Amino acid sequence: MKHILFGTAALFCATAATAQDWDMPTPYGDSTFHTQNIAQFADDVRTATDGALNITLHSAGSLFPHAEIKGAIRNRSVPLGEFFLSRLSNEDLAFGVDSQPFVATSYEDAARLWAAQKPVITELLAEQGLMPLFSVPWPAQGLYTNGEIATVDDLNGLRFRAYNAALEEFATLAGAAPVQIEASNIPQAFATGQVEAMITSPSTGVNSTAWDFVTHYAPINAWVPKNIVVVNQRVFDRLDADTQTAVLAAAEVAEARGWDMSVAEAESMTAALAENGITVYEPSETLIDGLQGIGATMLETWESSASDSARKVLEVYNN
Ligand code: PCA
């Protein structure tokens, strides 16, 4: 007994001496599958390192607002965090290719696009002392409105919720009036009349109880945008080799699990929208033609200002 107690104490001391606590900010709420996947990632790291690396999640922008998460990792306020990858398109359009309408619209496309994008953005992030750990897509983006939308003209004048520059441009070209709103603030933005339509995934529709404020959903599957989890390179380099290996292994597992979760949600969350009373309808050819036309216009603008890095992503993807 004495021996066992002594052993436990020694183990405790060894762990306590090297144990590290990492705070991890994320933008989305606890019911979001991305957050759940990251919670599992944190558990996996804790288990694999026998508690030597303890990651504490701070979801829904509770530690840092979404817009500040990348900067907080960069200046080492936190070692790692999650954000919506295409938010960085203002730094380089390479970050935003996944949010260009009708470039990659299926999981298969999205996987090929990520394969093309990953080496390029890894290099860009390295210039800022950041390293990607894993990236997971949202289900393809669909259209939420009150009443059915038959043509692009029906979007004219609608106050439209947006979450990045590309969606803002898309809404504007459709004649709508975009307003930037974080996912956690969607219900309030609709309740107060700040917005009356949106494009997002079935997951975010369900997580924000869209049936409380819209009647119709069309799976226009316009793009498949991703979240990314990024770690500060210097902080990572200071981990011992075993812990580094454990983090990278858990990240690889989290990326595969996250893509599977996303695929499952595309179906189950669309069904949940219908179960909760939303009319899910197939978009008309006229509507899709019109929206694809906007996508083509956006791609022209994109090409006129894209960096060599951004061009390379699209080139590799298209070949
Ligand atoms: N949900 C997030 C990003 C894309 C998505 O499906 C949002 O609406 O903010």
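All of these numbers come straight from a predicted model, not from anything done at the bench. Whatever order the structure lists ligands and atoms in, that order sets their numbers, starting from 1.
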Arg46 with Asp43: basic N within carboxylate O range, under 4.0 Å: yes
Should the proximity of Arg161 to ligand 1, defined as any heavy atom under 4.0 Å, be assigned to the side chain, the backbone, both, or neither? side chain
Considering heavy atoms of the protein only, find what lies nearest to atom 1 (N) of ligand 1 and give residue, atom and distance to 0.1 Å. Thr204 OG1, 2.7 Å
Just need the protein heavy atom nearest to atom 6 (O) of ligand 1, so name the residue and atom and give the distance. Ser201 OG, 2.6 Å
Shortest protein heavy-atom distance from atom 5 (C) of ligand 1, along with the residue and atom involved: Thr200 OG1, 3.1 Å
For Trp138, the option from Asn227, Thr32, Asp98, Thr200 that meets side chain to side chain donor-acceptor pair (under 3.5 Å): Asn227
Tyr28 versus Phe84: any side-chain heavy-atom pair under 4.5 Å? yes
Below 4.0 angstrom, N of the basic side chain to O of the carboxylate: do Glu182 and Arg87 qualify? yes
Atom 4 (C) of ligand 1 has as its nearest protein heavy atom Gln141 OE1, 3.6 Å
Side chain, backbone, both or neither: the part of Met198 lying under 4.0 Å from ligand 1 by heavy atom: neither
Are more than 12 heavy atoms from other residues, nucleotides or ligands located less than 6.0 Å from atom CG of Asp308? no
